[in-house]
Amino acid sequence: MMLKPEYFQEVVLNWQAQYGRHDLPWQQHITPYKVLVSEIMLQQTQVKTVIPYFQRWLARFPDIASLAAAAEDDVMSCWQGLGYYSRARNLHKTAKYVVHELAGEIPKTPAELREVPGVGPYTAGAITAFAYNEPGTIVDGNVKRLFARLFELEGNLNTGARHRELWELVERYTPTTNNRQFAQGLLDLGATICTPRQPRCQECPLQLKCKAFSHNTVNEFPQRFKKSPLPTRSGYFVLNKSDAGIVLEQRPADTIWPRLWALPELVDEDTEAPVLGRFKHTFSHYKLDAVVYQGAEFKTNNLTKRFAIDQLQDIGMPAPIRKFIEQHLLKPADNN
DNA sequence: GATTCGTGGAG
DNA sequence: TCTCCAAGAAT
């Protein structure tokens, strides 16, 4: 290895101590529970987005026992708007599992953590390192980018084989001590210095060791590949408003927005009912063009319920549905 | 291995 | 507005 692991570790640790982030909410009075919650929330989600959710979550479910004892509706309500809702249900499952089967102790080793629902290879290593300060390898988007540039790793690192290769490379550079600080250092370097665009190479402690920097190819790594444009789907929803509130439907577990409360959805368009409004929404894998009908009849096998307006803040609703409803309740259309 | 799963920050 | 992509995991 051209770059000695001992040197790399020393650089990352020293840089983290001096320039890394130390004021994130989940870094204060660290407990395994805080680390678990934060790591699940941070999956594919930016730190800035997570912080207010994390604060509210800890206020509502201060420890793993309170989460285990919570009702699913409360859990989904607290997660609403954060996306990837299976994370919330898995976290709830995990809390029950840990409280009832593991005497409240969150597992410590990556292997044991992998048995936990919603915990994959990254999160297992992260919890081990951050919660217990024990050796845990982490490969996320930050680490992938940093190593891709440091060693000019070519090709698509997202394939199974290349990802395993990258994982083993990072593993060889992961120390057996100072695990928490090292893991934080990797993430902080990726998030604040080795950024996707306009990286701050002048401030990077690894500048002289970085192959991409030396070849002036930093912006070419990690190599990007074209993705096909997102398909567009249509959605048809019903908003039935009365003085008593609005009717919502709890969505089935096998749809987008599983088990959230949303406007009842029609399988087809309704050419009879008046159109109240439309909205567009972009998911990770398709675009939604939605039509909302006013007072359309619908039949459903799902649970439906009428909610008063002031109840809506306490239930888990998809972000775009909530936005649409708020717009039309605050500024009701008078075009009928 | 390819798909599915949300939402919003930032350029 | 459009694009990339974010402390990924499950199926």
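Quick note on labels: first sequence line is chain A, next is B, and so on, each numbered from 1. Quick caveat, the model's predicted, so the values are computed rather than measured.
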Give the rounded distance in Å between these two atoms: CG of Asp188(A) and P of dA6(C). 15 Å
Taking only N and O in the side chain of Thr123(A), is any of them less than 4.0 Å away from OP1 or OP2 of dA9(C)? yes
Closest to side chain of Tyr122(A), choosing from dA9(C), dG6(B), dT7(B): dA9(C)
Would you tell me if any nitrogen or oxygen in the side chain of Trp79(A) comes within less than 4.0 Å of OP1 or OP2 on dG6(B)? no
Work out how far the C1' atom of dG1(B) is from that of dG8(C), and round it to whole angstrom. 16 Å
Of the listed dT7(B), dG9(B), dG6(B), the closest approach to the Thr49(A) side chain comes from dG9(B)
With sugar-phosphate meaning primed atoms plus P, OP1 and OP2, does Ala126(A) contact a base, only sugar-phosphate, or nothing at under 4.0 Å between heavy atoms? nothing
Is the CD atom of Glu297(A) crowded by more than 12 outside heavy atoms at less than 6.0 Å? no
Is the distance from OP1 or OP2 of dC5(B) to the nearest side-chain N or O of His285(A) less than 4.0 Å? yes
With a non-hydrogen cut-off below 4.0 angstrom, is Ile127(A) in contact with a base, only sugar-phosphate, or nothing? nothing
Between dC5(B) and dC5(C), how far apart are the P atoms? Round to whole Å, please. 22 Å
Both conditions, 6.0 Å and 45 degrees, for the charged tip of Arg87(A) above the ring of Tyr84(A): are they met here? no
Cation over ring, Arg233(A) on Tyr286(A), under 6.0 Å and within 45°? yes
Give the ring-plane orientation class for Trp26(A) versus Phe54(A), where under 30° counts as parallel, over 60° as perpendicular and anything between as tilted. perpendicular
So, does Lys323(A) get its side chain near the phosphate of dG8(B), meaning an N or O under 4.0 Å from OP1 or OP2? yes
Looking at Arg145(A), does any N or O in its side chain come under 4.0 Å of the phosphate oxygens OP1/OP2 on dC5(C)? no
For dG11(B) versus dA7(C), give the span between their P atoms, rounded off to a whole number of Å. 14 Å
If you assign each of Arg164(A) and Trp257(A) to its closest nucleotide in DNA chain B, which residue comes earlier from the 5' end? Arg164(A)
5'-most contact on DNA chain B: Arg197(A) or Asp254(A), nearest heavy atom basis? Asp254(A)
Applying a 4.0 Å non-hydrogen cut-off, can you work out what Ile256(A) is touching in the nucleic acid: base, sugar-phosphate, or nothing? sugar-phosphate
Contact under 4.0 Å: His281(A) side-chain N or O vs dT7(B) OP1/OP2: yes
Answer yes if the side chains of Tyr122(A) and Glu39(A) hold a donor-acceptor pair under 3.5 Å, and no otherwise. yes
Between dG8(B) and dT1(C) - P atom distance, rounded Å: 16 Å
Would you say His92(A) and Glu72(A) are linked by a side-chain donor-acceptor pair, where the criterion is simply a distance under 3.5 Å? no
Lys227(A) has an atom NZ; how far is it from atom C1' of dA6(C), in whole Å? 11 Å
Give Val50(A) one of three labels, base, sugar-phosphate or nothing, depending on what nucleic acid heavy atoms sit under 4.0 Å from its own. nothing
Starting at CD of Gln43(A) and ending at P of dA10(C), how long is that distance when rounded to a whole Å? 8 Å
Sugar-phosphate only, base, or nothing, as touched by Ser86(A) at under 4.0 Å among non-hydrogen atoms: nothing
Would you indicate, yes or no, if dA6(C) has its OP1 or OP2 atom less than 4.0 angstrom from a side-chain nitrogen or oxygen of Lys48(A)? no
Presence of Tyr286(A) side-chain N/O under 4.0 Å of dC5(B) phosphate oxygens OP1/OP2: no
Between Gln46(A) and dA6(C), is there a side-chain N or O to OP1/OP2 distance below 4.0 Å? no
Distance-only donor-acceptor test (3.5 Å): side chain Thr159(A), base dG1(B): no
Counting distance alone, no hydrogens or angles: does the base of dA7(C) have a donor or acceptor under 3.5 Å from a partner atom on the side chain of Arg21(A)? yes
Let me know the distance between CD of Gln198(A) and P of dG11(B), rounded to the nearest Å. 8 Å
